[in-house]
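Below is one structure; the comments refer to it alone.
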Number of protein chains: 2
Amino acid sequence: MSESRPRIVPEATVARLAVYLRVLAGLADGGRSHVSSGELASAAGVNPAGLRKDLSYLGPCGVRGVGYSINGLRDRLTEVLGGERSRPCVLVGIGRLGSALADYSGFASRGFQFAGLLDSDPRSVGSEVGGLTVRPVEDLEAVVAETRASIGVITTPAEVAQSVCDRLVAAGVRSILNFAPVALTVPAGVDVRKVDLSVELQVLAFLDQQRDGSAPVVAALRATGGAR
Amino acid sequence: MSESRPRIVPEATVARLAVYLRVLAGLADGGRSHVSSGELASAAGVNPAGLRKDLSYLGPCGVRGVGYSINGLRDRLTEVLGGERSRPCVLVGIGRLGSALADYSGFASRGFQFAGLLDSDPRSVGSEVGGLTVRPVEDLEAVVAETRASIGVITTPAEVAQSVCDRLVAAGVRSILNFAPVALTVPAGVDVRKVDLSVELQVLAFLDQQRDGSAPVVAALRATGGAR
DNA sequence: GCGACTTTGTTCAGGAGTTCACAAGCGGTT
DNA sequence: AACCGCTTGTGAACTCCTGAACAAAGTCGC
């Protein structure tokens with residue numbers, strides 16, 4: 001049943017597919033059976049044509065004149081995004097942010113379950129967070145092997161993030177979500193995604209400052225009439 | 001001393017400038033006085049040429065044959081990114097994630113201080129988080145006015161995020177960082193940045209599945225020899 | 001059974017961002 | 001004082017992504 005079309009899916013599209021999937025989940029409760037691309041796009045905050053282009057990477061999955069079957073599209077997206085099987089994750093660094101993530105219901109509801117929590121602080125080790133007992137970071141390799149985790153989440157301080165990453169990779173983890181403010185270096189074949197919270201705030205501060213027009217660079221920019 | 005060149009700074013560049021600034025802060029402790037673009041780029045995880053292009057938007061700030069003055073560049077970046085003045089932020093939704101953010105030392109160390117915490121749950125209201133007392137969400141407009149906050153952070157459930165956003169905007173907040181899994185609609189002149197944690201995990205799951213080669217779409221892709 | 005309307009899937013053009021490669025400029029050295 | 005090596009800054013090609021227009025296809029009504 002595999003398609004003959006050898007399409008490659010851009011990473012930007014993959015991120016949007018995940019958004020569409022969540023919107024569909026919310027729509028399924030409404031009792032409707034079909035959605036149009038325009039409706040979905042507006043709910044997801046994207047362009048309708050772009051949404052259709054994104055979905056076209058999966059092959060034809062809509063019906064012309066009608067729209068997309070909500071359940072059908074949801075199943076297809078789930079399949080493509082790899083949400084069928086539950087993927088065990090390990091989380092290293094049970095500080096404030098790590099604890100919040102371990103408890104975060106948004107993960108569990110989407111098939112992601114933390115199967116192991118690790119920390120180096122003896123005061124954290126042994127405590128229970130989100131139904132799991134925190135284990136010492138020395139057990140990292142053992143926990144990865146036990147849980148067969150394929151995704152590792154790093155919420156440690158920046159100083160130890162790289163060494164934790166190296167150990168995760170050596171233990172067989174090939175996908176890493178990094179919250180520590182450092183650029184991790186990994187061998188080829190390992191994927192890293194970085195979430196940098198303070199960078200987000202700093203970008204907002206820049207935009208704020210830009211609006212105020214107090215920065216020299218932007219003052220010049222304003223003078224050209226290019227501001228909007 | 002303002003430059004005559006009316007350059008516009010791409011948003012992707014702004015995000016990287018924030019990363020450079022953090023790397024520089026770590027480098028300043030080392031006792032060195034200058035860095036080369038190659039060194040900085042490797043620490044920040046980007047291309048050296050791209051880094052130079054990014055910095056060129058600020059006008060010439062390096063010395064040929066020597067590199068960039070660590071302190072000089074740090075000051076320039078701080079100025080451009082708007083980190084001079086401390087920008088007060090309000091945080092709405094003091095759940096697990098919200099509490100973690102309110103405490104997050106990474107924000108305070110970069111000049112971002114939460115000046116107001118709001119929640120709708122009576123059990124949260126009145127409690128102290130990160131040195132601040134949580135106030136009822138009814139006080140939102142008053143808190144924004146008191147603190148003159150220009151940045152709002154939303155960590156509420158998805159259902160109420162849009163209404164909270166509307167109230168923030170009406171109260172004068174023009175920069176919003178959204179952790180709720182919905183696409184917020186705002187009037188022109190307001191900037192929104194979205195952090196979607198479950199999307200990040202889902203992208204990693206996709207890449208994982210892609211490596212396994214078990215997805216039909218990707219099986220076809222592999223067959224063409226395009227895998228890396 | 002046929003026509004018109006609706007909505008998808010695709011093609012095409014436009015723009016933004018990234019990478020490579022080279023000339024210009026500065027410091028140190030002989 | 002002139003040369004040489006090193007590093008920045010920038011111009012150009014390239015890739016990727018996004019946004020708009022058009023044809024194919026299926027459904028509903030008559």
Side-chain angles (χ1 to χ4, degrees), chain A residues 3-20 24 27 32-70 72-73 76-77 80 183 203 217 221 226 228, chain B residues 3-20 24 27 32-70 72-73 76-77 80 183 203 217 221 226 228:
Chain A
E3 260 330 274
S4 56
R5 253 178 289 198
R7 306 209 184 178
I8 200 171
V9 185
E11 199 160 307
T13 291
V14 175
R16 281 190 297 267
L17 291 181
V19 176
Y20 305 154
L24 280 173
L27 236 54
R32 315 227 338 247
S33 69
H34 288 265
V35 230
S36 70
S37 63
E39 208 171 347
L40 245 182
S42 125
V46 300
N47 188 291
L51 180 139
R52 291 199 297 272
K53 196 181 208 25
D54 285 340
L55 294 182
S56 76
Y57 286 110
L58 319 179
C61 41
V63 181
R64 300 176 189 228
V66 177
Y68 299 93
S69 156
I70 291 182
L73 185 56
R76 183 90 182 94
L77 284 176
V80 170
V203 171
V217 175
L221 171 76
R228 212 273 286 177
Chain B
E3 260 329 274
S4 56
R5 255 177 287 197
R7 306 210 184 176
I8 200 171
V9 185
E11 198 160 307
T13 292
V14 175
R16 282 190 298 266
L17 291 181
V19 176
Y20 305 154
L24 281 173
L27 236 55
R32 315 228 337 249
S33 68
H34 288 265
V35 230
S36 70
S37 64
E39 208 172 346
L40 245 183
S42 124
V46 300
N47 189 293
L51 180 139
R52 291 199 296 273
K53 199 179 242 315
D54 285 341
L55 293 182
S56 76
Y57 287 111
L58 320 179
C61 41
V63 181
R64 299 175 191 232
V66 178
Y68 300 93
S69 156
I70 292 182
L73 185 55
R76 183 93 182 93
L77 284 176
V80 169
V203 171
V217 176
L221 171 76
R228 206 269 287 168

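Proteins come first, then strands; the chains are lettered A, B, ... in the order of their sequence lines, and each starts at number 1. Fair warning: this is a prediction, and the values are worked out from it, not measured in the lab.
- Taking atom CG on B/L51 and atom P on D/dT7, their separation rounds to 14 Å, with Å as the unit.
- Between B/Y68 and the phosphate of C/dC26, there is no side-chain N or O to OP1/OP2 separation shorter than 4.0 Å.
- We find that CG of A/L58 is positioned 15 Å from P of C/dT8, with the value rounded to whole Å.
- The distance between atom NZ of B/K53 and atom P of D/dG11, rounded to the nearest whole Å, is 8 Å.
- Here the straight-line distance linking atom CG of B/L24 with atom CG of B/L73 works out to 5.0 Å at 0.5 Å rounding.
- In this structure, the separation between OG1 on B/T13 and NZ on B/K53 is 9.0 Å, given to the nearest 0.5 Å.
- The CG atom of B/L77 sits 9.5 Å away from the OH atom of B/Y20 when rounded to the nearest 0.5 Å.
- At whole-Å resolution of the value, NE2 in B/H34 and C1' in C/dG27 are 11 Å apart.
- For B/R52, counting side-chain heavy atoms from C-beta on, the closest listed nucleotide (C/dT8, D/dG11, D/dG9) is D/dG9.
- Rounded to the nearest 0.5 Å, atoms SG (B/C61) and CZ (B/R76) are 7.0 Å apart.
- B/L17 is listed as a side-chain neighbour of B/L55, based on a closest heavy-atom distance under 4.5 Å.
- A/G50 comes within 4.0 angstrom of nothing in the nucleic acid, heavy atoms only.
- Shortest non-hydrogen contact noted between B/A183 and A/A44 is CB-O, 3.7 Å.
- When side chains are defined from C-beta on, A/E39 does not count as touching A/Y68, because their heavy atoms never get closer than 4.5 Å.
- Look at OH on A/Y57: it is 12 Å from C1' on C/dT11, rounded to the nearest Å.
- A/R64 contributes a side-chain N or O that forms a donor-acceptor pair with the base of C/dT8 under 3.5 Å.
- Summarising the geometry, the separation between CD1 on B/I70 and P on D/dT8 is reported as 12 Å, rounded to the nearest angstrom.
- Of the residues in residues 37-48 of chain A, those with a non-hydrogen atom less than 4.0 angstrom from any atom of DNA chain D are A/N47.
- Each of A/V35 and B/V63 lies near DNA chain C, and the nucleotide nearest A/V35 is the one positioned closer to the 5' end.
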Can you tabulate the close N/O pairs, meaning under 3.5 Å, that link protein atoms to atoms of nucleotides 15-17 of chain C?
none

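- Using a 4.5 Å cut-off on side-chain heavy atoms (C-beta onward), B/V46 and B/L40 make no contact.
- Residue B/L27 holds its CG atom at 12.5 Å from NE2 of B/H34, rounded to the nearest 0.5 Å.
- Out of D/dA12, C/dG27, C/dG9, the shortest distance to the side chain of A/P60 is found at C/dG9.
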